[in-house]
Each structure stands twice: as C-alpha cells, then as structure tokens.
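Numbered from 1 within each chain, the chains take letters A, B, ... in sequence-line order. Atoms considered below: every heavy atom in the structure, side chains included; atoms not considered: hydrogens, waters and symmetry mates.
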There are 2 protein chains.
Amino acid sequence: MKTMTKGAAALPLNTIISGDCIEAMNALPAESVDLIFADPPYNLQLRGDLHRPDNSKVDAVDDAWDQFSSFAVYDKFTREWLKAARRLLKPNGAIWVIGSYHNIFRVGAALQDAGFWILNDVVWRKSNPMPNFRGKRFTNAHETMIWAGKDENSKYTFNYEALKALNEGIQMRSDWVLPICTGHERLKDEMGDKAHPTQKPESLLHRILVGSTNPGDVVLDPFFGTGTTGAVAKMLGRDFIGIEREEAYRKVAEKRIKSVRKFDKEALQTTTSKRAEPRVPFGQLVERGMLRPGEELYSLNGRYSAKVRADGTLVGNEVKGSIHQVGAAYEKAPSCNGWTYWCYKKDGKRVPIDILRQQIRAEMAN
Amino acid sequence: MKTMTKGAAALPLNTIISGDCIEAMNALPAESVDLIFADPPYNLQLRGDLHRPDNSKVDAVDDAWDQFSSFAVYDKFTREWLKAARRLLKPNGAIWVIGSYHNIFRVGAALQDAGFWILNDVVWRKSNPMPNFRGKRFTNAHETMIWAGKDENSKYTFNYEALKALNEGIQMRSDWVLPICTGHERLKDEMGDKAHPTQKPESLLHRILVGSTNPGDVVLDPFFGTGTTGAVAKMLGRDFIGIEREEAYRKVAEKRIKSVRKFDKEALQTTTSKRAEPRVPFGQLVERGMLRPGEELYSLNGRYSAKVRADGTLVGNEVKGSIHQVGAAYEKAPSCNGWTYWCYKKDGKRVPIDILRQQIRAEMAN
DNA sequence: GCGCTTCGTGAATCCGGCC
DNA sequence: GGGCCGGATTCACGAAGCG
C-alpha cells in the first residue's frame with residue numbers, strides 16, 4: 001500500500017476504506033485530495049445510513065409531513081458528506097457529483113450553500129436508456145453531473161486541449177453522449193446477477209479524469225461501489241482512494257482493480273495547451289540577434305509598422321511599449337497577442353515573429 | 001377580452017397583465033389554470049467583460065431584473081412565486097420551469113419543498129450554442145427544464161401518442177435537440193437590437209404545449225417577456241395569461257401575438273394511432289417551423305395534396321396518418337417513402353421535404 | 001440570380017504569474 | 001494580496017456583400 005504523509009495522518013492511496021463515508025472522510029487529512037467523484041444514493045426512503053434530525057420515529061404521519069421529513073433527512077445527509085468532502089480538497093481541488101432529478105436539485109443547492117462554485121452542469125445523455133414502459137412520462141434518457149471548484153477562486157484543472165482532441169478538434173460541450181454500462185464491462189456476482197444496480201460506465205470516468213486531473217493526482221470516491229473510479233484512475237495513472245460500506249461491493253471492486261493495467265506512459269501524455277509552455281520574453285529575440293534594434297516589424301494585415309528597440313519594446317506612430325501594447329493600440333482592441341500579430345521581413349515576405357519564439361522553445365526542450 | 005369566471009374573480013384570458021408576478025398571481029382565482037410555464041431570472045453572476053478571440057465584446061445579460069444580492073434573496077423570491085403559482089393550478093395542473101446551472105438547482109429544491117411532484121427533468125440541447133471563448137470550461141450547450149405535477153397525485157396531462165408521433169413513432173426522450181432563437185423569429189426593437197436578451201424558441205414551447213396541454217386549456221406564464229408562450233398557445237388553440245413587469249417587453253409581445261394566426265381545427269387534432277418508425281422525425285420540421293401546421297403538401301407527381309398537422313401527421317382526402325401512410329394510401333401502394341414523395345411549395349415550385357430532413361441531419365452531425 | 005466569402009452574434013458565473 | 005501586464009482563446013448560423 002502506497003501512502004503519503006501530510007501533517008499527522010497518512011493518506012491511504014489506492015485502497016478501499018471500509019465504513020461510513022462521512023466518518024472515513026473526517027479521519028483523513030485536510031487538503032490532501034485533488035478531485036472528488038461522488039455518486040451518492042438518491043432514494044429518498046429512510047435507510048440505515050440516514051438519520052433523522054432528532055432521531056425520532058415516524059408513525060402514521062400524513063404524507064406531506066413524511067415527504068418533507070424525508071427531504072430534510074436527505075438534505076442533512078447531503079450537507080454532511082459535502083462538508084467532509086470539501087475539507088479534504090486541496091485549495092485548487094474540484095468535485096464531480098452525479099444524480100437524477102430525484103436528488104440532483106437538492107445536491108446542487110447544498111453544493112452552492114457549502115461554498116463550492118459550480119463550473120458546469122454536464123448532461124450524460126444515454127444512447128441506450130431504458131424506455132418508459134407505461135407511457136406516462138418522457139423516457140428518462142439522461143443523468144446530470146455537477147462540476148464545481150472548491151470555491152469561487154479555485155484554480156481548478158481543466159485539460160481543454162485534451163478534451164478538444166477527444167472531440168475531434170471541437171471544443172467539448174456540456175452534453176456527453178455515452179452508452180450505459182452493459183456487456184463485459186458490467187460486473188456480475190456469483191449468481192450471474194449484476195453486482196451493483198447503478199454501475200457507471202468507464203467511458204464516463206475516463207472523460208472526467210482526463211479532463212479534470214493530471215497523472216499522479218489523487219482522486220477520492222466516497223461512494224465507491226464496484227470501483228469504476230478506481231479502475232479508470234489506475235488505467236490513467238492517477239491515485240485513488242475509495243470508501244465503501246458494503247463488503248460485497250468492496251470485494252468485487254478489489255478484484256476488478258487488481259486486473260486493471262495502467263496505460264503506457266506515452267499513452268497518458270495528452271495534448272497540452274500553449275499556456276503550459278515556457279514563457280519567452282520578446283527581448284530574448286533581440287538579445288540573441290534574431291531581430292536587431294532598429295529593425296522594422298509589420299502587422300499581419302500589413303497596415304501598420306513599428307521599430308524594434310534595444311530593450312525589447314516597440315516604437316511606432318505615437319505609441320511605444322510591448323509588442324502586445326502597440327498591437328492593441330493600433331487595432332484599438334482591448335488586447336492583442338503580439339506574437340501572432342507582428343511579422344518581420346524575410347526574403348521580402350512577412351513572417352510572424354512567433355516562428356522565432358518556437359525556435360527558442362525547441363532549443364530549451366533539448 | 002375573453003374572460004372566464006371561477007368563484008368571485010374573473011380570469012383575464014389572452015391578455016398580458018402588467019406588474020409584479022407575485023402580486024398579479026395572488027389577485028387571480030385559485031385553481032383556475034391548467035399549465036404554468038415559467039422562465040424566471042437565472043441570477044447570472046457575471047463579473048468583468050468578456051471578449052471573443054476576435055476581440056469583439058459579448059453582449060452580456062446584465063439587466064437589472066437578473067440581479068439578486070445573494071442566494072438567500074433569490075431563494076426567497078423563488079419560494080414566493082412558486083407558492084403563488086401553485087395556488088393557481090387546478091388539482092391536475094402541472095408546471096414547467098426552465099433554468100441553467102446558476103439557478104435550476106435552487107428552483108428544483110424549492111419546487112419539491114413546495115409540494116410539487118417532479119415528473120421529469122428535460123434537457124434542451126442547443127444545436128448552436130455560444131462557445132466557451134477562454135477555453136476554461138465546457139461549452140454551455142444546454143438548459144434544464146423541470147416538469148412537475150401540482151402534487152404527487154396530480155393526474156397531469158401527457159399526450160404520449162402525440163409526442164410519439166412528433167418523434168415519428170419513437171417514445172419522446174428527456175433530451176430535446178433544438179436550435180436557439182435566431183433569424184426572423186428573433187424579435188428586434190426599433191433600433192434593430194434584440195428586443196429581449198433571452199427569447200426562447202417557439203419550437204420549445206410547441207413541444208411543451210402539445211405534450212402537456214389540450215386545446216382550450218389555460219396556460220399561465222408569469223415571466224412573459226416577449227410572449228413566446230402566448231404566441232405558441234394562440235397558434236395551438238390554447239388560452240394564455242401573461243404577466244410581465246417591463247412595458248417594453250409587453251408592447252413587443254402584444255404586437256407579436258396579434259399577428260399570430262391560430263392553426264386550423266383539423267391541424268390541431270392529434271393522432272391516437274401508432275406510427276411506423278424511421279429516423280429523423282417528420283414532426284421536427286413542424287416544431288422547428290420549417291413547415292407550418294395547416295400548410296399544404298403536394299405529391300411528387302402533382303396529383304394529390306394533404307395538410308400538415310401540429311403533431312407531425314398529415315390529413316388528406318379521407319386519409320390521415322404519417323407522411324408515409326398517406327402517400328401509400330393515395331398511391332394504393334403497400335408502402336411509400338413519404339420523404340421523397342411529398343413536396344412543399346417554395347416560390348411557387350414544388351420542393352421535396354427530404355431537403356428539410358437533410359438540413360436537420362446536417363445539424364445533428366454536429 | 002447564384003455561389004462564395006465575410007461578418008455578426010448568442011442566458012457566460014471565461015486568466016494567471018510575477019513583482 | 002493587489003496590481004500590472006503578457007498573451008491565449010470560438011462554434012454554428014444567418015445576413016450581407018461581392019463578383
């Protein structure tokens with residue numbers, strides 16, 4: 001068992017903790033987890049894990065009161081596990097919660113009240129849902145996920161380029177079409193029955209973990225079930241912590257995860273954004289002699305020009321400053337990317353100066 | 001003005017009431033309305049300006065009516081208008097509310113607490129949403145609607161067969177793909193600017209009203225805006241009551257609804273028969289306004305014609321049914337591909353309706 | 001008139017590192 | 001922690017303009 005120490009307590013990585021998720025979370029060290037994925041129970045019936053606010057018994061109350069009471073009990077449970085979960089998140093951590101119309105509105109409101117900051121709601125659109133047999137409602141063909149940062153200022157992880165690549169070059173939308181979990185992926189018990197009633201497809205967790213974690217991150221699932229989160233985390237080179245009350249589920253999950261193999265390191269590298277690349281000051285081009293002080297630069301559209309100065313600033317017609325500032329001033333725009341805006345003359349043709357930056361970055365990589 | 005008396009007060013049908021929706025609703029008689037459609041403020045909390053990559057500025061929804069100082073204030077407002085709305089519903093009435101992740105979880109929880117019984121959450125998947133310009137989140141490509149009965153025992157209206165027909169024989173799902181409101185349908189003010197920042201498409205209301213009301217039903221919209229609910233209600237032979245605070249919106253809505261024509265009685269009769277099941281539902285052409293209920297279609301050979309109905313069926317000379325069924329009946333053939341058989345008139349020329357299906361397929365490919 | 005290109009715009013909680 | 005400033009970032013349509 002791989003562990004990680006943070007303060008006094010140890011973080012039991014890649015294991016399944018047995019027991020109630022609220023107690024188990026409270027026993028873990030604060031601010032130690034990068035991402036939480038939670039698939040909480042949503043039946044509003046009173047169950048062993050749900051306590052009434054006053055522990056009183058309900059006997060022969062009218063329906064309205066009973067309904068209100070059961071919402072109150074569910075809300076209390078929700079607020080407690082969300083509070084425990086939020087404590088475990090690193091400052092830039094985030095959470096995903098999945099639910100249906102029975103519970104997701106209560107969970108979403110509790111999430112906001114707890115200080116989480118919603119980033120998106122994402123709809124899992126099932127390509128093969130169960131039809132509505134009685135013809136009294138719409139086919140319940142989707143579930144809702146909420147993605148939220150620990151707070152409003154959380155610098156959450158979002159692998160924009162990787163998700164865009166997953167979507168054939170187009171920005172990923174908030175509605176995901178994915179099939180439900182069937183066939184070989186669906187785990188069975190000894191009797192041949194499904195091992196868990198609501199096993200989530202690995203494709204769903206794949207997209208979530210690729211999009212909002214990096215390799216080596218710690219992912220916590222407080223309602224682990226048969227361990228889809230752990231299995232996909234392992235494949236993707238992330239560490240997981242699972243919490244599950246039911247021994248039967250833990251056993252299935254344990255066996256399942258043992259048989260999973262991590263993908264090659266190469267396969268785990270995803271498309272990265274320009275933002276992640278090292279910053280190159282424009283002045284370096286001058287220092288290195290790629291551009292000379294006094295040399296003229298031309299705007300991409302050919303309408304403007306400006307002169308390079310020795311300190312890496314530009315001077316143009318009544319404006320001077322950085323490549324970005326002068327470009328923005330000329331275009332009367334709020335901002336401007338000088339790297340793609342300005343060109344130098346090479347063999348009589350205009351070439352964007354970004355070419356020179358790329359040369360420097362290539363050198364730096366060696 | 002058509003009115004209806006129920007108890008002491010009169011019901012102002014097919015008019016727009018001026019003023020605050022809570023006060024206005026409290027002045028109306030209890031249990032007098034069949035359906036409520038509500039598009040309340042979303043409580044967007046926008047901070048700075050947002051620019052597109054081309055430096056143009058996004059026209060944000062920064063209207064005063066969308067500003068609330070806290071979740072608590074928003075919740076109080078929500079619970080009050082929901083309470084007033086619920087009082088107006090007949091015992092078997094129902095409500096639809098639309099929102100985004102900013103407000104829908106709070107609205108949904110309040111709805112449940114008020115005693116409404118959620119029947120489905122329905123996702124409006126936008127075929128052409130605004131992208132995420134900074135690459136920091138998923139494209140916000142959907143909005144969520146909640147459909148709920150007045151209480152758990154409400155015998156709500158659900159025109160299962162009509163919706164199934166609209167979806168060409170396949171049970172209607174909880175996710176609807178429809179384009180946002182643009183082009184001619186989007187209302188403009190005298191300046192040529194959009195008359196309302198969040199005008200909903202008529203196709204959305206068409207599906208809601210066909211599915212959960214009957215001709216002659218009373219539909220209330222407490223956040224009437226520019227009156228999409230009223231316009232579609234009138235087309236479909238339902239009575240409406242609108243409530244709107246802003247005079248500018250009321251004026252636009254008034255004018256809009258005046259120019260709307262009710263569809264033929266025949267077109268409003270929805271089918272009760274079962275349908276065959278191809279892929280792109282013909283009903284979508286009607287919902288999206290590509291073909292209008294009551295519009296005449298002509299056979300490719302020019303010998304026959306039939307009229308389009310609101311649920312996506314055709315009615316002709318002694319025959320009614322799907323585009324395929326009516327075509328087959330006319331040709332005394334065992335079967336017929338209605339898509340290539342039927343034409344609509346464009347600039348006096350017959351054009352096969354398959355052209356329209358291809359347009360939708362192009363959108364769906366996105 | 002037709003096809004091609006350009007331009008405008010839509011319910012948006014839309015940056016982050018360094019000094 | 002606040003302010004400065006470098007610099008990264010968009011999809012689907014419809015309308016309008018052009019040849």
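No engagement by A/Gly338 is indicated, since no non-hydrogen atom pair under 4.0 Å with the nucleic acid exists. Within the 4.0 angstrom heavy-atom criterion, base atoms lie near B/Pro129. Within 4.0 Å (heavy atoms only), A/Leu119 reaches no atom of the nucleic acid at all. Here B/Thr198 lies in heavy-atom contact (under 4.0 Å) with a base. Within 4.0 Å (heavy atoms only), B/Asp39 reaches at least one base atom of the nucleic acid. B/Lys200 comes within contact range of at least one nucleobase, with a heavy-atom separation under 4.0 Å. Heavy atoms of A/Gln325 sit under 4.0 angstrom from primed sugar atoms or phosphate atoms, though from no base atom. Backbone-only contact: A/Arg275 has heavy atoms under 4.0 Å from sugar-phosphate atoms and none from a base. Among the protein residues, B/Asn132 comes within range of the nucleic acid bases, having at least one heavy atom under 4.0 Å from a base atom. Residue B/Asp59 is classed as a sugar-phosphate contact, given heavy-atom separations below 4.0 Å to backbone atoms only. If you check every strand for non-hydrogen atoms under 4.0 Å, A/Glu161 touches sugar and phosphate atoms only. When heavy atoms are screened at a 4.0 angstrom cut-off, B/Pro40 is found touching base atoms of the nucleic acid.
Distance noted for atom P between C/dA11 and D/dA15: 16 Å (whole Å). Going from the C1' atom of D/dA16 to that of C/dG1 covers 16 Å, rounded to whole Å. One P atom belongs to C/dG10, the other to D/dG7, and the distance between them is 32 Å to the nearest Å. A distance of about 13 Å separates the C1' atoms of D/dT10 and C/dG8, rounded to the whole Å.
Atom CZ of B/Phe223 is separated from atom C1' of C/dA11 by 15 Å (rounded to the nearest Å). The distance from atom CG of A/Asn301 to atom P of C/dT6 is 14 Å, rounded to the nearest whole Å. Spacing between atom NZ of B/Lys188 and atom P of D/dG14 amounts to 12 Å, rounded to whole angstrom units. Nucleotide C/dC14 holds its P atom 8 Å from the CH2 atom of A/Trp117, rounded to whole Å. Distance CD1 (B/Ile180) to C1' (D/dT10): 14 Å, rounded to an integer number of Å. With rounding to whole Å, B/Asn140 atom CG is found 21 Å from C/dT9 atom P. The OH-P distance, from A/Tyr341 to D/dA8, rounds to 17 Å in whole Å. Atom-to-atom, CG of B/Asp49 to C1' of D/dT9 comes out at 16 Å; the value is rounded to the nearest Å.
Within the 4.0 Å cut-off from OP1 or OP2 of D/dG7, not a single side-chain nitrogen or oxygen of A/Lys274 is found. Between A/His324 and D/dG7 there is a side-chain N or O to OP1 or OP2 distance below 4.0 Å. Side-chain nitrogen and oxygen atoms of A/Ser322 include at least one within less than 4.0 Å of the OP1 or OP2 phosphate oxygen of D/dG6. B/Arg47 has a side-chain polar atom (N or O) that falls below the 4.0 Å cut-off from OP1 or OP2 of C/dC14. A/Tyr160 has no side-chain polar atom (N or O) that falls below the 4.0 Å cut-off from OP1 or OP2 of C/dC14. An OP1 or OP2 oxygen of C/dA11 is reached within less than 4.0 angstrom by a side-chain nitrogen or oxygen of B/Arg186. Taking 4.0 angstrom as the limit, A/Arg173 places none of its side-chain polar atoms (N or O) nearer than this to OP1 or OP2 of D/dT10.
Minimum atom distance to the side chain of B/Pro53 is reached by D/dT9, of the listed C/dC14, D/dT9, C/dG10. Of the listed nucleotides (D/dC11, C/dC14, C/dG16), D/dC11 has the atom at the smallest distance from the side chain of B/Pro131. Residue A/Arg357 has its side chain nearest to D/dG7 when only D/dT10, C/dA12, D/dG7 are considered. Taking the side chain of A/Ile170 as heavy atoms from C-beta on, and the options D/dG14, D/dT10, D/dC11, the nearest nucleotide is D/dC11. Listed nucleotides C/dA11, C/dA12, C/dG10 differ in distance to B/Lys194; the shortest reach to its side chain belongs to C/dG10.
Checked for salt-bridge contact, B/Arg125 and B/Asp175 meet the test: a charged N lies under 4.0 Å from a carboxylate O. For B/Lys76 and B/Glu80, the salt-bridge test passes: some basic side-chain N is under 4.0 Å from an acidic carboxylate O. At a threshold of 4.0 Å, the pair A/Glu161-A/Arg275 does not count as salt-bridged, since none of the basic side-chain nitrogens sits closer than that to a carboxylate oxygen.
Heavy atoms from other residues, nucleotides or ligands lying under 6.0 Å from CZ of A/Arg361 number more than 12.
Donor-acceptor pairing under 3.5 Å, judged by distance alone, is present between the side chain of A/Ser335 and the base of D/dA8. Side-chain to base pairing of B/Lys136 with D/dA8: no donor and acceptor N or O lie closer than 3.5 Å to each other. Residue side chain A/Arg279 does not reach the base of C/dG16 through any donor-acceptor N/O pair under 3.5 Å, judged by distance alone.
Each of A/Pro334 and B/Asp54 has a nearest nucleotide on DNA chain D; the 5'-most of these lies closest to A/Pro334. Comparing B/Phe133 and B/Lys126 against DNA chain C, the residue whose closest nucleotide sits nearer the 5' end is B/Lys126. Where B/Leu44 and B/Arg134 each meet DNA chain C at their nearest nucleotide, the meeting point lying more 5' is that of B/Leu44.
Both distances falling under 3.5 Å, in either a Watson-Crick or a G-U wobble arrangement, occur for no nucleotide opposite D/dA8. Using N1 to N3 plus N6-O4 or O6-N4 for Watson-Crick, or N1-O2 and O6-N3 for G-U wobble, each under 3.5 Å, C/dA11 pairs with nothing. Pair assignment for D/dG17 gives C/dC4, based on Watson-Crick or G-U wobble hydrogen-bonding distances that are each under 3.5 Å.
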Mind running side chain to side chain donor-acceptor pair (under 3.5 Å) on B/Arg256 and B/Thr228 for me, showing each step along the way?
CA-CA 9 Å; B/Arg256 171 191 195 177; B/Thr228 306; 3.1 Å; yes
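Using a 30° and 60° split on the angle between ring planes, B/Phe68 and B/Phe77 fall in the tilted class, from 30° to 60°.
Across A/Arg86, A/Arg79, A/Lys83, A/Arg106, a single residue satisfies salt bridge (Lys or Arg N to Asp or Glu O under 4.0 Å) together with A/Asp113, and that is A/Arg79. With A/Trp342 as the partner, the side-chain contact (heavy atoms from CB on, under 4.5 Å) test is satisfied by one option alone out of A/Leu314, A/Asn337, A/Leu300, A/Asp354: A/Leu314.
Side chain of B/Asp221 to main chain of B/Phe223: a donor-acceptor pair is present (N/O by atom type, distance under 3.5 Å, no hydrogens or angles).
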